A.B. asks: 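Have a look at the structure that comes next, please.
Residue numbers begin at 1 in each chain, while the letters A, B, ... track the order of the sequences. All values derive from a computational prediction rather than experimental measurement.
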Amino acid sequence: MSRTRVVAAIGHALPWAIAVAYFFAAPSDLEFGTQVMIWILFAISLDLTLGYAGILTLGQAAFFGLGAYIAGLFALHVCADPILGHFAAIGVAALFGALTGAMILHTSGVTLLMLTLAIVSMLSQYANRATDLTGGDNGLLGIRLDPIFGVFEFNIFGKTAYVYALVVLFGWFVLAWRIVHSPFGRSLDGIRQNPHRMRAIGTPVWWRLLAIYAISAAMAGSAGALSAHATRFVGLSVLDLLTSGSVTVALILGGTRRLYGGFIGATIYLVVQDYSAKINPFFWEFVVGGLLIATVLLLERGLLDLGPAVLRLRDRWRAGQRK
Amino acid sequence: MLSFGLTVLLDGISYGMILYLISVGLTVTMGLMRVVNLAHGAFAMIGGYVAGFLTQRGCNFYLAALGAAAAAAAIGAATERTIYRPLYRKGELAQVLLTVGFVFVATGAVSEVFGAFPYPVVFPAYLTRPIDIGFREYPAYRLFLIASGAVIALLLWLILDNSLFGARLRAAVDNPRMARAVGINVSLLFTATFVVGCGLAGLGGALGSGILSLEPAYALKYVVLFLVVVIVGGEGSFEGSFVAAMALGVIDTLGKYFVAEAAPYLLYTAAFALLLWRPKGLVPPRSLT
Amino acid sequence: MGCLLAIITAAMVLLWAGRAPADVLKVGLLADFTGAFATWGPQFQMGVEAYQALHGKTVKGPDDKPHEIQFIYRDTASQGPDKARQLAQELVLRDHVKFLCGLDLSPHAMALADISKEAKVPVVIMNAATSSITRMSPYFVRVSQTVPQDVAPLGPWAVAHGINRVYTIVSDYAPGYDAEAYLTKTFKAAGGTIVGSGRTPQQETNFSAYMERVLEANPDALYMFQPAGSPSVAFVRAYVERGLKAAGIKLLGGGETQELFLPNFTDDIIGTVTSFHYTETNTRPANLELRQQVKKMSGDRAVPDIATLAAWDGTRLIEDAVAALGADADGLKYIDFMKGKKFDSPRGPVEIDPVERDIIQNVYIRQVEKGNGTLVNIDIDEVKMVKDPWKVDNPPKSN
């Protein structure tokens, strides 16, 4: 095998190897690892719309939250089987994505941004008021889940939740990878860069956008379901504007249009947030804000670009030396 | 019944005036510089805190309000060169993120310096009492807001329609390339307008602190509100943001009176519907490109 | 000479070795240090540190082994209960805490029910005021208050003092509903009429519309329940601005006028009557001790509030429990120890209900007045040893 292929193969295997190693290396911290994986999935879902298709959205939390509540309500009122609940969540989220997408995807830019904000805000308000359904501020309490396949049960040690999240993440990742590297995915790239030109060559732009929006919604809904299952709790924060903003930050931190950017961004965001909150509870706003500003100003393509950015700097320095 | 209707109208308009004061700077930033500035609320917040700081130490209210505007304008000038300049070319998403980062930093700074409690601006006693307006007693404060908002709106309109600066500004908003081609120094215009916009926001934050209370979460809490006013009104449109601010102020107040349970929804549903109906805003800027 | 030196050295070494190292017992305190509820965390911390400064951080267990009680603070950042749950889980699994405490918001406390049972860790609740919480887990004990407990005595007091028509406006969340329900219940039971009620969105600061409705209904008094901070300040401002005070409508409330928040109000708040379980300026010895220690540690501008108070009492309970049972007792044993305990808190005499594990305490009726140039709450009445009325109305279902 050529060297580049070996490097690529190692690069691909690395995140998964780390995830598996973590399971054995940090048995008392599995919940954190599960959270990271849920957020990676969430970030990747956003990458498909925001990164690849260029749909400016701050409302991704709508699908995440919807997925979480459906999964929770399903377990409470219909059936405690987590797999069925998960599929229900994905289905509802995808449907909602398709419906709202159909209503707003003909707009673009800041108008589209505002519309997505309005949608997630309305959903959030609704959840807040419908306390009989959602538990309101207290959230959905007392969720009991059947063990997966009747064997693997959920408890505070979180082993089942971790493996479950890992498997789901892997499945979606493979799907996202195939989509992005397909002709459909390429057309999304083109749409992002110049929708008019794409229309001119006959691409059904609106339908493609709707399709990716619905897929992304399904993925985010799946992440939400994982969240509900892993913590056996659903609170209003899943529909919060802050949640939407945070996942956007995490994605940008890592770098859009790389899929693996989501891995890096989500991990770093959660780790930094956790760590700076522990150092000084007042401090984390500064750190997160500063990180955001620095990333945007200095690293165009996110932290995943750090390597190439350093290499570029090195090349420029060498070129300067040669003069 | 008439009295009730008039009261609601006055309440809605006074609220709308504050929204206008704060958002007018944002509409120019977004329309002229095409920068999505989610940190605009932070300027209003800073202005409010400065006014609070000054009035709590006995400073005259009107001087403090001017101080608020000046402080916000100064910070605007400083950040325009350092943080916003690089953003012009970077695309909407980068702008959203960077300005959100700025909001976080501002929120953290305000918490540290002024504490987490609500921070009061001390109004002169005559503004805290109701006065007789014929058919009922009505808070003097709200009348003051309506009056000052109207005066500033009038001033802005006069400047825009009757001065060279105003003409240049409108030209630059309509068609920046053409404006540059005829020799208008668009980047100086950017800076000047941005600074004035921030100053107005600071003033709005100070004057409006009786309705929009000052606290560290201010910038994040109200940013959606200001954005809605700007986008619904049409970016870059002064008349649009005035109309949108009034409309949203009245709708929100009406909502609170009649359908209190649905009140929070009302704003977003109204914005959603208005945007679908008029994606470019209620009064879109006339543009040739 | 060398011999003497050797003996002295040996003696010193033996004395030093005999000094058993204190082992550390960790207590996790979860509260909001940032965000909308950012005042709770620091106020809790102040109470804990004041108590430990005065009474020591180390207690001797029943076997005379010293145990250092170390508090670990975690910020729930005014976010949802999932954050509280996550932090609690980490504290239990990673930091191996023996107790959890703090919890300013009810949803945060509720989210800990499952963890407390699975990990068998006692939770000393220092604020969360929803009545049903202590029933959610046998590991929950509360040292603060419940909303119905604070509110219920105001109804009969109002009727006894000439207030027959009341309009209630509460904030739209669970504590608000509790306040509305119990004021209405006790006020009506004493013969009063509720002429209207309203619920305002949480964190609302624009009350003009609601005040208009109150003016129309023309009650004797307006009852408010707003979270401390900008909503309560804005509420009182609107009450004055809209002419309600001038029209003779009295203002009734609860925790809005705590000493910590009084500086945010203008003199317009004078005359407001509130019912609450802690009047900060009381002269009981335990309170004077608390106030003095707080001033010493945090300066003259520091003011203790119900968070400081509850943290003080909670720390006391935890330290007493460890002193009685050592550092390795079973969670339920610590809870059993705390049940039925009576002691003198800075607020007055208190008791931990042996069945419900909730607090039984005095509730004071106070009025805001101006004393020595500052606004202050003055006790005008007292209701002794009030049990949480919700629990009385809803006896536990027999298992």
A.B. asks: Select one option (side chain, backbone, both, neither) describing which atoms of C:Phe207 are under 4.5 Å from chain B's heavy atoms.
C.D. replies: neither
A.B. asks: Got a sec, which residues hit side chain to side chain contact (heavy atoms under 4.5 Å, CB included) with C:Thr274, two or more places apart in sequence or on another chain?
C.D. replies: C:Thr257, C:Thr272, C:Arg366, C:Asn377
A.B. asks: Tell me, for B:Ser14 versus chain C, whether the close heavy atoms (under 4.5 Å) come from the side chain, the backbone, both or neither.
C.D. replies: neither
A.B. asks: Select one option (side chain, backbone, both, neither) describing which atoms of B:Tyr15 are under 4.5 Å from chain C's heavy atoms.
C.D. replies: side chain
A.B. asks: Select, from C:Arg213, C:Arg242, C:Glu216, the one with the greatest count of heavy-atom pairs under 4.5 Å involving chain B.
C.D. replies: C:Arg242
A.B. asks: Hey, what do you get for CZ (C:Phe44) to CG (C:Leu30), rounding to the nearest 0.5 Å?
C.D. replies: 10.0 Å
A.B. asks: Without hydrogens or angle criteria, can the side chains of B:Asp132 and B:Tyr138 be said to hold a donor-acceptor pair below 3.5 Å?
C.D. replies: no
A.B. asks: Any side-chain donor-acceptor pair under 3.5 Å between B:Thr27 and B:Ser241?
C.D. replies: no
